[in-house]
K.L.:
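Pasting in a structure now, in structure tokens, and then I'll have a few things to ask.
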Amino acid sequence: MRTPSKEYYENVYNGDNPLSFILHLPKPDFTELDKEAKEFEKWIVEEQKKDRQKILEAVHR
């Protein structure tokens, strides 16, 4: 059974390979996405209220 050595992990982490490139990318900024998600949440709550109202009106006819 093979076990990776410490040098192997250092080479993967610090070497010139795609995994190393991905590991060293800066973290993305999600502030705009969070803002849009809150706006969508408010919008979908209002739409669900409208749908429930229409269902109640249809049931009580």
Side-chain angles (χ1 to χ4, degrees):
M1 181 171 146
R2 291 187 190 181
T3 56
S5 65
K6 185 176 182 178
E7 291 82 20
Y8 172 77
Y9 284 117
E10 288 176 2
N11 186 28
V12 169
Y13 187 75
N14 296 321
D16 185 22
N17 56 54
L19 180 60
S20 176
F21 176 77
I22 292 169
L23 289 174
H24 290 92
L25 283 175
K27 300 241 184 233
D29 181 21
F30 290 118
T31 54
E32 185 66 27
L33 182 63
D34 292 339
K35 178 183 167 190
E36 290 177 8
K38 289 197 183 291
E39 290 174 7
F40 176 77
E41 184 179 359
K42 290 177 186 176
W43 174 79
I44 201 70
V45 165
E46 290 300 318
E47 292 300 315
Q48 288 172 342
K49 285 180 185 177
K50 291 177 191 175
D51 287 346
R52 283 193 294 272
Q53 187 62 35
K54 288 178 184 177
I55 291 170
L56 285 173
E57 289 172 2
V59 169
H60 292 293
R61 284 186 180 182

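All values below come from the heavy atoms of this structure, side chains included, with hydrogens, waters and symmetry mates left out.
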K.L.:
Applying the 4.5 Å side-chain criterion to the ILVMFWY set and letting contacts propagate, would Tyr13 and Leu19 be lumped into a single cluster?
P.N.:
yes

K.L.:
Specify the closest pair of heavy atoms between Gly15 and Ser20, including all atoms of both residues, with the distance to one decimal.
P.N.:
O-OG, 3.0 Å

K.L.:
To the nearest 0.5 Å, what is the distance between CD on Glu36 and OG1 on Thr31?
P.N.:
10.0 Å

K.L.:
Around atom CG of Asp34, are there more than 12 heavy atoms of other residues, nucleotides or ligands at under 6.0 Å?
P.N.:
yes

K.L.:
Report the distance from atom CG of Asn11 to atom CG of Asp16, rounding to the nearest 0.5 Å.
P.N.:
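One finds 9.5 Å between CG of Asn11 and CG of Asp16.
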
K.L.:
Among Glu57, Lys49, Lys50, exactly one meets side chain to side chain contact (heavy atoms under 4.5 Å, CB included) together with Gln53. Which residue is that?
P.N.:
Glu57

K.L.:
Is it the case that atom CD in Glu41 sees more than 12 heavy atoms from other parts of the structure closer than 6.0 Å?
P.N.:
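Incorrect, the count does not exceed 12.
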
K.L.:
Would you compute the distance between atom NE2 of His24 and atom CD1 of Ile22 and round it to the nearest 0.5 angstrom?
P.N.:
12.0 Å

K.L.:
State which residues pass ring-ring contact (aromatic ring centres under 6.0 Å, His included) with Phe40; sequence neighbours excluded, sorted by chain then number.
P.N.:
Trp43

